[in-house]
Amino acid sequence: MSPARPELPREFVASHKRRRMMDAIAELTAENGYEATKIADIVRRAAVARKTLYDNFDGKEDLFLSAIDAAVVELRVAVEEGCRADDGSSEAGIVGGLEALLEFVAERPAVARMCMVEAISATPSSARLYDAAMRDFVELFRENVPPGGDLPETIEESLVGGVAWILQLQIRRGEAERAPDLLPELSQFVLSPYLGVGRVVNGGGRRDR
Amino acid sequence: MERLPRGRHGLSAEFVARNQRERLISGLTQALYEVGYHETTVSLIGQRAAVSKSDFYKHFESKDDCFVAAYEAAIERIRERVLTACEESEGRSWEERVPDAVGGLLDLFDEEPALASIALVEGLRAGRGVYDRYQAALESFVVILGRGAPRPPVGGDVPEATDEAVIGGITSLLGRRILAGEGDRLSDLFPEIVEFTFSAYLGGEEARRIVSAG
């Protein structure tokens, strides 16, 4: 007897299920918070068996941390790509990276909320993941800024922290989808110390939107 | 905070209660600083405050309840210190007031690193209810900073989000230093924070000029 539907390769199905569980915990924690999210809700939302969850993850926290980890990797790839875009000047690179960040937040609001808001208070391990991600993005920013003479050593940390705070406010207001509107202001904010105020116009004069 | 003498001391019941409550608040603040939010227990708070566990429950329903009270007390003290620093430099230019306010804030944090830790790190760790208070506290500093902030010297506008982003940047920097175990010398960051603030409004070059002119 032939199967009712064509069989997909096993690894494909497995990784698709992992992805669905990670998406589910992002959505549920964004809606109700980490504490209130139960395994039963996750398996229902992801449409997988409870056993599948435990075959793939040690439990709720492991799934949560894996989901954050995966999202941070994707975000980093997107931002790095954004930094390489355009004419290769460091100004355009920073604006491109920032644009990629804002688009990620807008396109995946639940994931953004999980990584930038819920992670901080959910568990000590998730807070550590958040801190590690912040450190990585500070480094990435530092590698891409225009030469700025001798600005304070901590300037990149302060600027990235400022951008994170603005995005956290935006996400908590429920306006993650409109994050790309912040591009001109945030571009100016992060570039002012390097280029002077008022020298960066319209998000660095990047492509027309 | 000093504990009161045992036994008959002729102090009023309200005084004793208030003193106990304040001791519990600083006991929790201290315990958090030592072991973090998740490891802080009611017994540890009681130990640090020299108050019994049963007396703890006369004042607070739970650790969280005490935490919220301690958090609010911390924010209030910080705001008071910054406002006092601002009042002292009332009438002077924004460029003169910023260092006074930042200096006042960092001096307080040096005197009481546990206060900095609860306000800037543990508050965020504690969850949704406290996050709103953290946000409200930051908003109130945004207003203080924005008052009389300069227009840029060469055309263009300072973006609207700058006040908020600067406050967010300063608190994030301080929080990261506390997490790195450098919470007891936050005032080392004084020149960098002042220069960061100026550079967001005036550009790095102008910021450097003002800072080095002292």
Side-chain angles (χ1 to χ4, degrees), chain A residues 32-36 117-128 130-131 134-135 138 146-170 172-173 182-201 203, chain B residues 36-39 121-132 134-135 138-139 150-162 164-177 179-180 188-189 191-208 211:
Chain A
N32 311 318
Y34 176 79
E35 202 71 44
V117 177
E118 296 302 327
I120 299 173
S121 62
T123 76
S125 302
S126 68
R128 275 193 292 275
Y130 174 84
D131 296 328
M134 278 293 282
R135 268 198 305 279
V138 168
D150 67 311
L151 286 160
E153 215 179 291
T154 50
I155 192 93
E156 286 85 12
E157 280 175 82
S158 304
L159 291 168
V160 172
V163 169
W165 176 244
I166 295 292
L167 286 177
Q168 283 155 353
L169 290 173
Q170 185 87 4
R172 284 169 53 82
R173 273 197 301 263
L182 296 167
L183 183 63
E185 286 186 66
L186 289 180
S187 303
Q188 284 205 45
F189 170 68
V190 296
L191 287 169
S192 290
Y194 305 93
L195 305 175
V197 179
R199 304 258 172 88
V200 196
V201 234
Chain B
Y37 180 79
H38 290 273
E39 304 291 319
V121 177
E122 299 301 336
L124 287 170
R125 299 278 184 270
R128 296 192 156 194
V130 181
Y131 202 109
D132 293 337
Y134 177 82
Q135 185 176 328
L138 260 60
E139 298 296 336
R151 300 290 97 207
V154 278
D157 279 321
V158 172
E160 231 174 85
T162 296
E164 251 166 0
V166 166
I167 295 293
I170 294 172
T171 48
S172 160
L173 176 65
L174 293 174
R176 286 164 50 83
R177 287 306 140 111
L179 281 172
D188 290 356
L189 294 169
E192 310 212 356
I193 289 177
V194 170
E195 199 172 328
F196 159 65
T197 305
F198 286 159
S199 72
Y201 290 90
L202 302 162
E205 234 171 88
E206 181 70 5
R208 209 152 39 240
V211 170

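Reminder, nothing fancy here: chain letters follow the sequence lines and each chain counts from 1.
Of the atoms belonging to Ser199(B), heavy atoms from both backbone and side chain fall under 4.5 Å from chain A. Neither the backbone nor the side chain of Leu174(B) comes within contact range of chain A, judged by heavy atoms closer than 4.5 Å. Heavy-atom distances place no part of Val190(A) under 4.5 Å from chain B, backbone and side chain included. Neither the backbone nor the side chain of Leu182(A) has a heavy atom closer than 4.5 Å to any heavy atom of chain B. Looking at Leu138(B), only its side chain comes within 4.5 Å of chain A, counting heavy atoms on both sides. Proximity to chain B involves both the backbone and the side chain of Glu153(A), based on heavy atoms less than 4.5 angstrom apart. Interface remark: Leu159(A) contributes backbone and side-chain atoms alike to the contact with chain B (heavy atom separation under 4.5 Å).
Closest heavy-atom contact between Thr154(A) and Leu189(B): CG2-CD2, 4.1 Å. Residues Glu185(A) and Ala161(B) share a closest heavy-atom pair of OE1-N, 2.6 Å.
Between Arg172(A) and Asp132(B) the shortest side-chain heavy-atom distance falls below 4.5 Å.
The candidate with the highest count of non-hydrogen atom pairs below 4.5 Å against chain A, out of Gly204(B), Ser172(B), Gly169(B), is Gly169(B). Interface check for chain B: of the options Ala164(A), Gly162(A), Ser158(A), the most heavy-atom pairs under 4.5 Å are formed by Ser158(A). When each of Arg176(B), Glu164(B), His38(B) is scored by its heavy-atom pairs under 4.5 Å with chain A, the top score falls to Arg176(B).
Among residues two or more places apart in sequence or in another chain, the ring pair (Phe, Tyr, Trp, His ring centres under 6.0 Å) test is passed with Phe196(B) by none. Looking at residues two or more places apart in sequence or on another chain, you find no side-chain contact (heavy atoms from CB on, under 4.5 Å) involving Pro191(B).
Between the CG atom in Leu151(A) and the CZ atom in Arg208(B) there is a gap of 5.5 Å [rounded to 0.5 Å]. Separating the CG atom in Asp131(A) from the CG atom in Leu179(B) is a distance of 5.0 Å, to the nearest 0.5 Å.
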Apply side chain to side chain contact (heavy atoms under 4.5 Å, CB included) to residues Glu139(B) and Leu169(A) and explain how you reach the verdict.
CA-CA 11 Å; Glu139(B) 298 296 336; Leu169(A) 290 173; 3.8 Å; yes

List the steps, then state whether side chain to side chain contact (heavy atoms under 4.5 Å, CB included) holds for Gln135(B) with Gln168(A).
CA-CA 10 Å; Gln135(B) 185 176 328; Gln168(A) 283 155 353; over 6 Å; no

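Between Tyr131(B) and Trp165(A), the two ring planes are parallel [angle under 30°; tilted spans 30° to 60°].
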